[in-house]
Amino acid sequence: MIVHVSLAIPISKAFSYSVPRQFELFIKLYMRVTVPFRNRVLTGYVVGVDNGSDDALKEILGVVDIFPLFNESLASLSLWASHYYATPLGLILKYAVPLNLQIEQYLLVKSLCDHTSSLNGISLKKVLRSAGRDAVLNLYHKREIAFYDVFTGKPFTSLVQEPGQVQKHDKILYLGSIDDRMEHYLMLISQHIAGGGNVLMLLPDYYASGRYYYKILVEKFKGNVSWYGSPGKAKARMETYFKARSDGGFVILGNKSAAFLPLLNNGLIIVERSEGDEYRNEEGVKFNAWIIALKRAEIENIPIVFGSIAPPLEIYKGIGEGKFRIIDKSVSIKREDIHIVMKKNLSIPGKLPGEFTEIVGGAIAKGGNVAIFTPRKDYVSHLFCLECKTPFQCTICGGPLSYQKRSNVLICSACDKSINYEEKCPHCNSELIRFSQTGAEYLEGKLNAAFAQCRIVKVTGETLEEVVKGEALDEPDEPLKPLNPTIFIGTQALSKLYTVGVKLLILYGWEELLRISGYRATEKMYQVLMNLIDALRPERICLFMDEKKSVELAPFMNVRSFYLNELQKRKLAEYPPYVRLFLIEVEKKNREMGRRLVKKIQDFLEKEGFGQYITGPLIQKRGYRYQYKMILKIPENESISQGLLALYNFSGVRIEPDPPII
DNA sequence: GAAATAGAACAT
DNA sequence: TGTTCTATTTCA
């Protein structure tokens with residue numbers, strides 16, 4: 001017997017091994033096996049089984065799983081993701097099963113005959129340790145033992161597709177406010193769990209959205225709600241895993257990895273605010289959880305519901321093409337309800353505009369909370385030397401540096417590297433440094449000085465956990481006391497504060513998103529504005545815009561026309577969702593070497609029929625290295641299949657699927 | 001991803 | 001011609 005094994009390394013092909021006779025009976029597709037690779041031992045997934053033998057192949061060293069952890073649908077989902085994201089299958093499979101999976105610890109042995117009775121009720125982990133893996137596999141194969149998990153008490157068997165109730169696969173966009181969405185979700189969940197199904201609900205983040213929804217769901221569904229993938233809670237995670245796998249009637253909440261969680265049949269998937277960037281997994285395997293969830297619903301033939309007040313453009317495109325159904329409960333804001341103040345040099349440090357302190361002060365005097373959105377999180381995001389005119393750049397990657405006053409460091413926005421701020425230009429040593437593009441930290445300082453009597457809370461992606469857990473929201477269910485008005489200052493993270501409620505919402509430099517957010521800028525602006533209003537429920541809205549950068553507000557005031565217009569623009573410009581973008585990067589110390597590899601890649605892509613879609617390469621010097629960047633713009637109907645995966649045959653090539661900014 | 005190996009650069 | 005450091009290839 002020969003098996004083809006996918007390993008978690010950046011190589012797109014599977015490696016073949018022969019199977020010693022004693023393992024042959026145990027081998028099934030998608031089981032994990034240990035194999036020799038070079039001079040180490042790796043765990044990989046069996047992705048193919050052949051009869052016959054080949055003496056030239058090395059032998060597998062052992063069989064890890066008693067059952068395959070994947071069923072057909074999860075396997076096809078992984079295979080699809082591997083192609084779609086041009087990522088080797090082994091890396092996807094490794095991600096798709098729970099991290100640090102310790103199934104054996106939570107499985108107990110059930111004796112099925114007399115001479116195994118001493119093992120009855122003992123954990124599989126212990127039995128494996130005392131009897132050895134091969135002996136246990138043998139007993140199981142002879143049907144002398146079986147397994148059940150400690151949480152549900154139900155037998156742990158292969159994931160089989162139960163015919164059961166066949167559901168209608170349906171893709172729905174629920175366009176409406178947070179209260180309407182919640183009501184709709186509760187109705188759907190009740191229906192589904194009453195029918196014995198499980199519901200998977202994806203939420204944009206753990207600390208704020210997760211907390212908010214968890215609380216409401218637990219109130220209604222009690223112990224049948226759990227988080228999958230909560231940080232540091234291995235046991236809870238496994239409990240959710242087993243419940244979802246072998247039982248019905250549960251609501252499983254998660255963010256990214258939950259999109260791959262094995263779920264019993266008769267499922268329903270809900271994705272809340274899918275436009276949130278938090279669904280993008282950037283570490284290791286790059287993917288977007290809602291895209292995976294959508295494909296999964298298709299493969300498993302289960303309904304999926306996207307709820308939002310400002311959904312991603314892709315979904316609105318799906319409505320136009322008849323792939324999505326829409327439930328439209330949208331509420332539009334009126335232009336005349338938004339007060340606009342134009343100012344010069346809004347993002348350059350200096351005195352806050354008089355109207356600004358006046359308006360904030362007015363709201364506070366009436367005893368209401370105020371939320372102030374600003375697009376950047378640090379003190380300032382753009383430093384440059386007034387003498388030699390050089391902007392401050394990261395020494396490692398060449399990315400722009402921003403300044404954090406509190407810790408007096410410069411942070412690279414591209415690679416997160418931080419260095420101490422020396423108060424002089426690294427180029428010419430001049431001390432004439434210009435700060436511009438102020439952010440949340442800067443405004444926080446200014447507000448502290450102007451409104452000493454108020455509590456001022458900074459809300460960014462980094463502080464969100466602290467804010468939600470901390471004293472600012474110690475009674476998340478009750479709005480903050482009017483006697484103690486609070487000013488929340490922050491980035492889009494503000495739109496996660498579902499419970500505070502504000503009298504006044506100010507967007508300070510919202511139009512800057514146009515320059516920050518690449519080709520998605522207008523879409524992003526709409527989503528930021530709508531989600532802030534959705535979560536914070538302001539009585540009044542006020543925009544402070546820079547005179548020179550100001551934008552027309554009218555196009556944002558009607559959902560339908562906004563999306564149709566934006567889709568039209570993207571189509572003309574040949575941007576997503578009408579094309580898919582892949583960023584291909586090559587980095588070499590030697591300029592000529594880089595050029596040669598780029599040429600090889602271009603020739604290969606040409607041969608594969610992608611030649612016409614290449615832009616670039618753009619050459620950038622990064623420290624001592626040369627970086628070559630190419631953009632592949634592939635029309636949506638074009639299949640990429642194996643084409644891009646084969647780029648892993650050239651080493652030193654990095655592929656980034658769907659880069660947000662190019 | 002990382003070890004083996006081929007290649008370049010430098011010294012003897 | 002040996003030594004050391006770096007870039008490239010290959011793994012079953």
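Since the structure is predicted, the reported quantities are computational estimates derived from the model, not experimental observations. Sequence lines set the chain letters: A, B, ... in the order given, protein chains first and strands last, and positions in each chain run from 1.
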A:Phe15 atom CZ is separated from B:dA2 atom P, nearest whole Å, by 15 Å
A:Asn39 has its side chain closest, among B:dA4, B:dG1, C:dA12, to B:dA4
Would you say the side-chain atoms of A:Asn255 and A:Tyr228 include a donor-acceptor pair closer than 3.5 Å?
no
By nearest-nucleotide position on DNA chain B, the 5'-leaning member of A:Met593 and A:Ser651 is A:Ser651
Here the distance between atom C1' of C:dC11 and atom CG of A:Asn649, to the nearest Å, is 13 Å
Separation of C:dC5 atom C1' from A:Lys589 atom NZ, nearest Å, is 10 Å
Check: Is the closest basic N to carboxylate O distance between A:Arg133 and A:Glu104 below 4.0 Å?
Finding: yes
Parallel, tilted or perpendicular: rings of A:Phe23 and A:Phe26 (30°, 60°): tilted
Just to confirm, is there a sub-4.0 Å distance from OP1 or OP2 of C:dT8 to any side-chain nitrogen or oxygen of A:Lys588? yes
Walking DNA chain C from its 5' end, the first of A:Lys600 and A:Leu57 to be reached, judged by nearest nucleotide, is A:Lys600
Rounded to whole Å, the CD1-P distance (A:Ile9 to C:dC11) equals 11 Å
Between CD of A:Glu592 and C1' of B:dG7 the distance, given in whole Å, is 16 Å
Exercise for the section: Flag the pair A:Lys496 and A:Glu278 as a salt bridge only when some basic side-chain nitrogen lies within less than 4.0 angstrom of an acidic carboxylate oxygen. Expected result: yes
Between NZ of A:Lys13 and P of C:dC11 the distance, given in whole Å, is 7 Å
| Does the distance from a Lys or Arg side-chain N to an Asp or Glu carboxylate O, for A:Lys377 and A:Glu462, drop under 4.0 Å? | yes
- Query: When we call it a touch if two heavy atoms are under 4.0 Å apart, what does A:Tyr17 touch: a base, just sugar-phosphate, or nothing?
  - Reply: sugar-phosphate
When rounded to whole Å, the CG to P distance for the pair A:Asp50 and C:dA12 reads 18 Å
**Report entry** A:Asn590 vs C:dA7: side-chain N/O to OP1/OP2 distance below 4.0 Å
**Finding:** no
Taken to the nearest whole Å, CD1/A:Ile11 to P/B:dG1 is 10 Å
Item to complete: Considering only atom C1', compute the distance from B:dA6 to C:dA12 and round it to an integer number of Å.
Response: 22 Å
- Message: Can you tell me whether the side chain of A:Arg38 and the base of B:dA3 have a donor-acceptor pair closer than 3.5 Å?
- Response: yes
